[in-house]
Amino acid sequence: MQYDRTDARILEIVQKNNRLTSEVIGELAGLSATACQRRLKRLRSEGIIEADVSIVSAKAVGRPIQMLVLVSLERERADIIDRFKKAIKASAEVVNGFYVTGDADFVLYITARAMEEYEQFTRRFFYENPDIKGFKTMVVMDRVKAGFAIPIETPPES
């Protein structure tokens, strides 16, 4: 997966606002709309652009309780890790999940309508899972920054 300076500019633009038209993106990147569309299609097909999403306010949609949860597994075996990854992907409450190094095996970002709902989730998702050694919950008091923008390295000119 390689990209050039023009692709880098397109990536910077769409990370800030992916609702811009190909005409506007092309103009900002110094391309025609058609050339811009071709590049966007290639960036998506090569997996450089993984998804086009909207960041939704959890509070605005009735899920004001947000937590970061550190999860430790009983053992670090491939089958246990894979099974937990599958459970994370299947859970609507888990917004983001990361397999990490350090004190925990996974870090999860979870939303809930109320603490009672989160308690029910913990019973179902953690306590009933024999592969879970333990978990620690940190309640988010204020979301200071939300986004997915990655700093784009601009390749040197050829």
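This is a predicted model, so every value here is computed, not measured. For reference, positions follow the sequence shown, starting with 1.
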Evaluate the criterion side-chain contact (heavy atoms from CB on, under 4.5 Å) for residue pair V61 and V56; output intermediate values, then yes/no.
CA-CA 8 Å; V61 295; V56 175; 3.7 Å; yes
Of all heavy-atom pairs linking A112 and M67, the shortest is CB-CE, 4.3 Å
Just wondering, are more than 12 heavy atoms of other shown residues or ligands nearer than 6.0 Å to CZ in R123?
no
Count the heavy atoms of every other residue, nucleotide or ligand shown that sit under 6.0 Å from CG of D103, and state whether that count exceeds 12.
no
Would you tell me whether Y118 and T111 have side-chain atoms, one donor and one acceptor, within less than 3.5 Å of each other?
no
Would F135 and Y127 count as a close aromatic pair, with their ring centres under 6.0 Å?
yes
Please confirm whether the backbone N or O of E119 pairs with a side-chain atom of T122, one donor and one acceptor, at under 3.5 Å?
yes
Paired with D7, the salt bridge (Lys or Arg N to Asp or Glu O under 4.0 Å) test is passed by just one of R38, R39, R44, namely R39
Distance col, row D82:CG vs R77:CZ, nearest 0.5 angstrom, shows 11.0 Å
Where does the angle between the aromatic ring planes of F125 and F84 fall among parallel (under 30°), tilted (30 to 60°) and perpendicular (over 60°)?
tilted
Got F106 and V69 here, is their nearest side-chain heavy-atom distance under 4.5 Å?
no
To the nearest 0.5 Å, what is the distance between CD1 on I10 and CZ on R42?
8.0 Å
Applying salt bridge (charged side-chain N to carboxylate O under 4.0 Å, His left out) as the test, list every pair that has at least one member in residues 124-141; sequence neighbours left out.
R83-D131, E93-R124
With a 4.5 Å cut-off on side-chain heavy-atom distances among I, L, V, M, F, W and Y, is there a chain of contacts connecting L68 to V95?
yes
Check whether any side-chain heavy atom of I81 lies under 4.5 Å from a side-chain heavy atom of D105, and answer yes or no.
no
Residue pairs fulfilling salt bridge (charged side-chain N to carboxylate O under 4.0 Å, His left out) with at least one residue in residues 10-26, sequence neighbours excluded
R9-E12
Looking only at heavy atoms, what is the nearest atom pair of L70 and A104, with distance?
CB-CB, 3.8 Å
Y109/F98 aromatic ring centres below 6.0 Å
no
Atom of S22, atom of Q37 and distance for their closest heavy-atom approach
OG-CG, 3.0 Å
